[in-house]
Visitor: 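I have a structure I would like to understand better, so I am pasting it below and will then ask my questions one at a time.
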Amino acid sequence: MTRARLRGRTDSWPAEVASFVWHLPRNLLILVLKLYRRFISPSYGQVCRFFPSCSAYALEAVTVHGALKGSWYAAQRIVRCHPWNAGGLDPVPSPAHVNWDDPSKVPFIVQLNHPDFFLAAQAETQSRPAA
Amino acid sequence: MDFLQTILTPFEWLVSMIMVLFHDGLTAIGLPAASGVTWTLSIIGLVLVIRGALIPVFVKQIKAQRGMQALQPDMKKLQAKYKGKTDQLSRQAMAQEQMALYKEHGTNPFSACLPMLIQMPFFFSLFRVLSGVAKANAESKGIGGMSHEQVAQFDQASIFGAPLSAAFLPQLQGGDLSVAVVVLSLIMIIAMIASQFITQKQIMTKNMSEEAMQGPFMKQQKMMLYVLPLVFGIGGVNFPIGVLIYWTTTNIWTMGQQFFVIRRMPTPGSPAYKEYQKRREAKGLPLLGASKKKVEEVVEEIPELKGQRSQPQRKNRKKR
C-alpha cells in the first residue's frame, strides 16, 4: 500500500513526502526501540555482555543503516549474545560514508555508542573559544 | 510445562541412568538390591559423578572470578577518572572502558553466571526424578532410565527407618509424621547449613583480596551467608529424604573443594594467598605472580579542554 502511494505521488508531490514514506519503517522502528529503551530496559539494569548493549546497537544500526539492513545487523548481534561469547566491545559496522565532523548533526545514539570519540570532540569544541 | 518437560527429559534420563548404574554396581558387589543403603549410596555416587564432571567448569569459574578481582585496581582507577562526570556521554565512555577492561582481563561479569546455569538442569531433573518416585510408583511407571521395578524398590527403600521418598512437611500435613523422617531431615538441614556456613566463612575470611573485601562482592557473600540457610531450611522440610541426601552430599563436596582451593589455588592478594606463598618459600619453591606486569600507571585524564586535536578517525571504520 505504501508503495502504491509512493509511486502515485512521487512525480506530483514534493520529495519530502516520498522521503517521509521511504523512512517511515525506519522511523517506526526507531520509535519502538526508543520506547523500549526508555521504559523497559531500565528495569533490567546492566545485563549485557557487550558494549553497546543490544538495544543501543539496534537503535544505532537502524538509525544509520535503515530498517532493513539495520534490523539485519541487530538480529546478528542478538544471535551473537550467548553464554559462550565472552562479550566485549562490539560496535555497529560503519556505513560507507561517515561524517562526524559536526557532532551536533550526528544522531545522539551514535554519540552515545562512540563516547570516546565524541567526548574528545566535545572537549575540542569547548576549548575553541578559549584558544 | 511441556516446554520444561522437553528440556529436562534428557537430563532426567542421564541422572536416573547414573543412579541405576551405581545401584547395579553396588548390588553386584553384594549389597542388597532393595536396601535403602544401596540407593543412598547410589545417590551419593551420582553426586560424585556430577560434581566430578563439573570440576573443569568450576576451575573456569574460579579463573573468571580471579579475573574480576584482579581488575579491581584498574576498576578503581576508572571510577576515579570518571568521578563526578554524570553526563550521559561520560557514563557511556566509562561503560565502554569497563567493557574493554573486562575483555583485556579475559573476564566478563555477565558471563560468570554460566557455570551456575549449567548445573541448573541437573538439579532440576534430579529433583524431579527423586521427588517423582512416589507418583511414578503409584502409576506403575518408570522414570527416565529407571524401570518400574527399580522405581518401586526406590519408593519402598528406607534408611535408618526413614523412606527415601518421604518428606517432613507433606508427612506433617498427612498426619503420619514418623520420628525417623523428622530426625533425619533435621540432621541433614543442620549439616547443610553448617557446611554452607563453613564454606562461606572460609571464602570471606581467607580467600578474598583486600580490595574485594570492601567491595560489592563482599556484600553478596554476606547475603548468601544468611539467605542460603533459609533456603536449606525451607527446602529441607519440603523435599524428600532422597533429595536431601543429594543436597547434603553436594554441600559437603563444595566445602571440601573450597578447602582445596584455599590451600592450593588461593585468590591473589588474599590472606590464604600469603600463607600459600609462605609455604612455597619454606619449601624453596619460586614465588608465584612475581612476573606479572604491575599496573601502576598514573590515572589517565579524560581528554582535557586544550591541545591540538588530531584528525578524527573512526576506529572501526570499514575500509572499502
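Residue numbers begin at 1 in each chain, while the letters A, B, ... track the order of the sequences. Keep in mind that what you see is a predicted model, and the values were worked out from it rather than measured.
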Visitor: What distance separates A/L112 CG from B/Q96 CD, expressed to the nearest 0.5 Å?
Guide: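 Rounded to the nearest 0.5 Å, the CG-CD separation comes to 11.0 Å.
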
Visitor: Indicate the atoms forming the closest heavy-atom contact of A/P115 with B/L89, along with that distance.
Guide: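 That closest heavy-atom pairing would be CB-O, 3.4 Å.
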
Visitor: Can you measure from CG (A/L119) to CE (B/M94) and round to the nearest 0.5 angstrom?
Guide: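 Between A/L119 CG and B/M94 CE, I get 13.0 Å after rounding to 0.5 Å.
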
Visitor: Going from OG on A/S53 to CD on B/Q92, what distance comes out if it is rounded to the nearest 0.5 angstrom?
Guide: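 Output value for this atom pair is 7.5 Å.
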
Visitor: Give a yes or no on whether A/L28 atom CG has more than 12 heavy-atom contacts from other residues, nucleotides or ligands under 6.0 Å away.
Guide: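 Check passes, neighbour count above 12.
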
Visitor: Decide if atom CH2 of B/W13 counts as having more than 12 heavy atoms of other residues, nucleotides or ligands within a radius under 6.0 Å.
Guide: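 No, the 6.0 Å shell around CH2 holds no more than 12 heavy atoms from other groups.
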
